[in-house]
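Below: one structure, written as structure tokens.
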Amino acid sequence: MSRASVELDFFGMEKENSCKSQFQKFLDRRRSLRGLQGAISKMNPELIKSVIASGLTNPLSQDQIDSNKPEETQSLFPALHLLAPAARTASENGSETAPLTIFYNGTVSVFNVPRDKAEIILKHAVEGVSKNVESIDSKVATPSSDQQQLLETLDGDLPIARRKSLQRFMEKRKERLTCASPYGC
Amino acid sequence: MEERRTAPFNTGMPDAVLKCVLPYLDGPRDRASISLVCRRWYELDSASRKHITIAFCYTTTADRLGRRFPAVESLKVKGKPRAAMYDLIPDDWGGYVRPWVQEVAANLDRLRWLHFRRMIVRDSDLEVLARSRGGVLRALKLDKCSGFSTDGLFHIGSMCRELRTLCLEESSIVELDGQWLHEIAMNNSILETLNFYRTDLVQVSFEDLERIARNCCNLTSVKISNCEILDLVGFFRAAAVLEEFCGGSFNNEQSDRYNAVTFPPKLCRLGLGSHRMPSVFPFASLLNKLDLLYALLDTEDHCLLIQRCPNLEILETRTVIGDRGLEVLAQSCKKLKRLRIERGSGNVSVSHRGLTVLAQGCLALEYLAVYVSDITNASLESIGTYSKNLCDFRLALLDREETITDFPLDNGVRALLRGCEKLRRLALYLRPGVLTDVGLGYIGRYSPNVRWMFLGYVGSSDTGLFEFSKGCPSLQKLEMMGCCFSERALAHAALQLPSLRYLWVQGYQTSSQSSDDLLAMARPCRNIELIPARRVITTDQVEEAVVLEHPAQILAYCSLAGPRTDFPETVISLDPVL
């Protein structure tokens, strides 16, 4: 079942509620749409435009993004490594698009993007804000609860690695089913 | 062992007596204890030890094996980390059989049974093995191995005429022809077990299979790849004592032709690659092992079949069995010992409802591995209450449901661990928030006998790992995925856990000082290896590029062999000296 929208709190809007239990945070996250709107207003507008533009038009801009990333932000979010799928078949990964809705500065924009591009966009957005936030908030010492929430929210679809033998069997079966025709191929 | 002890330790028992007793003690732990008593007992054990399992090939060297146990008759060596079965390890990672085969060829004169698991085998290795030990080798298992072709198997077929067991299950083999099986058919008359299940070897001829069945009067187990079942009518007729059969395919559209297929009368272990079941019903009550992984049955079919199998002890299937199928299992299969429910595609799933009923109905359960879409504390408690024989429990929480009914699962996990006192192996693959730091602490405190654990997405901070590592007194091998722990915490855990000798982690908080934190766990005789984060680009069936991101991995293990020297470029050794 594909989800219609992506709700996030990746700017750590709940930092002030860090004393809450995990359970409570989990519930609160689901009500964070308003928080999202407020959070995006903190972002650099030029950055937003460039992120959306690059995320949509350039499918494998991942390399460019990586090389442009300054060192300090890279270390702030090593957790993002965890989010990428370990091994998935093509039909699961990226071929289905879902709407990504962005509320910015009084405007609402909806983009149909596949999952991998959505992740690229979100990654950019997080880095964009962290550059601003870093100077304000200096308690970066240990893996913070914001990173934790980032981990949990972006990773809504956990990439459970499939057993190779079963994976091969399923793929072969898909091939056989797709080429089956009444005339027998 | 004391190298410099000069006065022999007097145990008061003459060697002759000990030599009479020793053959009755073949468990590896008993033998290990014996070898630690004194020099003399160590020597007697070395001279008489029959079976050795090298749980990880880089913990020692082949020549050390030969020097200590020259009379070994049965050897099992394991290579790549378990994660290789899930495509998480580079193909060329390592685990080469060559040094072991060379030792076997040169020094291990008594070797009769050889088993390599998750290792890289070359055709030349098989040729060396066949030429040196072909005359005496009784069993060869190349289990989830890779790197060889049917040419290598040809040598085995033509020179290993004493072979009773040949197992190639799930190996990646380059298929050039079917001559290897023909060699076996022409040269072997004592084969008992033939297994090339879950391989892609399809050029085998059914006539060779039939010939083997006719020549080998003790042929009891045959597991093949996709040979058409209609071609095997002659084979089934000839294999009069066959007890186990897996594989085959049902490709003929005229399904009534399959009614002509009669299975051998003693068949009690079966794995079919089809939904055509009626032919199984007549002898379903004899079945004690059933493999439905590739059978493409739906839930209803599962129920119809399982109802007819009161003697079932081992079942492997996919989540399509559903909670309803588990209810039928609980009612009908009271002797069930092992159940494995693999992840399938489709909408049917298994949940806490089915597990609770299963636990209450199948009290003999020793092994339970299941992918669930939902789980509750109560169902884990039921398992703790009823599954008193459980030794191996593996639970993976699928991602299909956005929320699960009941979490955190801390109390349920605790109840399960306290109830299942025989538990030796445990795997929990969950999601963030489902098992908190407190729950992770419970695992540490309440798993006194667990030797192996696989933990995925557990805990929420280093505190959890800290609490965990205060316990787990028997834990020897720990594998973790997707955890939030820092390198410092991992190093601390590796030092705290008293029995730990193997640690594999993928997905952790890399620290900005890179490997310094990890080196805190460095010790003499401990190797630490890193596979940094990789990006693998493959093509899928529709020729599109698929980019797979693999997070960084750590592998740390005790070793007498020093750091590896056969690395591919994807693997980095952390050497504290440098």
Side-chain angles (χ1 to χ4, degrees), chain A residues 1 3 21-23 25-27 30 59-60 62-63 66 71-72 74-76 78-91 93-95 116 142-143 145 147-149 151-153 155-176 178 184, chain B residues 83-88 144 169-170 198 200 253 273 293-294 296 318 342-345 371 396-400 402-403 407-408 429 431-433 436 456-457 460-462 481-486 506-512 533 535-536 539-542 544-552:
Chain A
M1 181 182 93
R3 264 169 284 143
S21 70
Q22 284 281 76
F23 182 65
K25 281 180 196 166
F26 188 85
L27 290 181
R30 304 180 72 74
L60 287 173
Q62 188 70 16
D63 292 313
D66 282 347
E71 279 311 302
E72 55 274 24
Q74 198 158 9
S75 63
L76 259 188
L80 285 168
H81 283 303
L82 292 167
L83 311 175
R88 307 167 91 190
T89 57
S91 61
N93 186 17
S95 56
D116 47 350
T142 51
S145 56
Q147 288 181 34
Q148 206 50 42
Q149 279 160 21
L151 181 70
E152 290 164 38
T153 49
D155 207 358
D157 203 331
L158 281 178
I160 301 184
R162 284 183 181 272
R163 185 150 176 155
K164 223 171 16 178
S165 56
L166 208 56
Q167 167 102 328
R168 264 186 13 236
F169 167 72
M170 295 293 199
E171 280 167 8
K172 265 196 234 157
R173 192 181 129 212
K174 245 182 254 174
E175 274 171 27
R176 261 189 281 146
T178 50
Chain B
M85 300 192 297
Y86 298 88
D87 240 342
L88 300 175
K144 301 176 180 62
E169 187 162 327
E170 220 169 312
R198 300 182 192 166
D200 291 327
E253 286 309 314
L293 278 178
Y294 307 111
L296 309 178
R318 292 174 294 132
E342 278 283 3
R343 174 194 198 185
S345 55
Y371 283 78
L397 182 59
L398 289 170
D399 50 10
R400 52 188 307 132
E402 214 168 286
T403 58
F407 67 96
Y429 187 105
R431 307 178 189 172
T436 69
Y457 295 93
S460 44
S461 74
D462 285 352
M481 270 185 87
C483 293
C484 50
F485 312 125
S486 65
Q506 183 188 47
Y508 57 95
Q509 299 284 4
T510 51
S511 68
S512 47
R535 176 176 299 139
V536 176
T539 48
D540 61 16
Q541 297 106 307
V542 292
E544 271 179 16
V546 177
V547 180
L548 300 174
E549 299 274 358
H550 291 280

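By convention in this document, chain letters (A, B, ...) are assigned in the order of the sequence lines, proteins followed by strands, and residues within each chain are numbered from 1. Because the structure is predicted, anything quoted here is derived from the model rather than measured.
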Pairing residues for S461(B) by the side chain to side chain donor-acceptor pair (under 3.5 Å) criterion, not counting sequence neighbours: D437(B), T463(B)
Contacting region of A83(B) [heavy-atom separation from chain A under 4.5 Å]: neither
Atom pair CZ/CD of R343(B) and Q167(A) - distance to nearest 0.5 Å: 8.5 Å
Pairwise distance CG(L166(A)) to CD(E170(B)) - rounded to 0.5 angstrom: 9.5 Å
Residues that E342(B) engages under side chain to side chain donor-acceptor pair (under 3.5 Å), provided they are two or more places apart: R340(B)
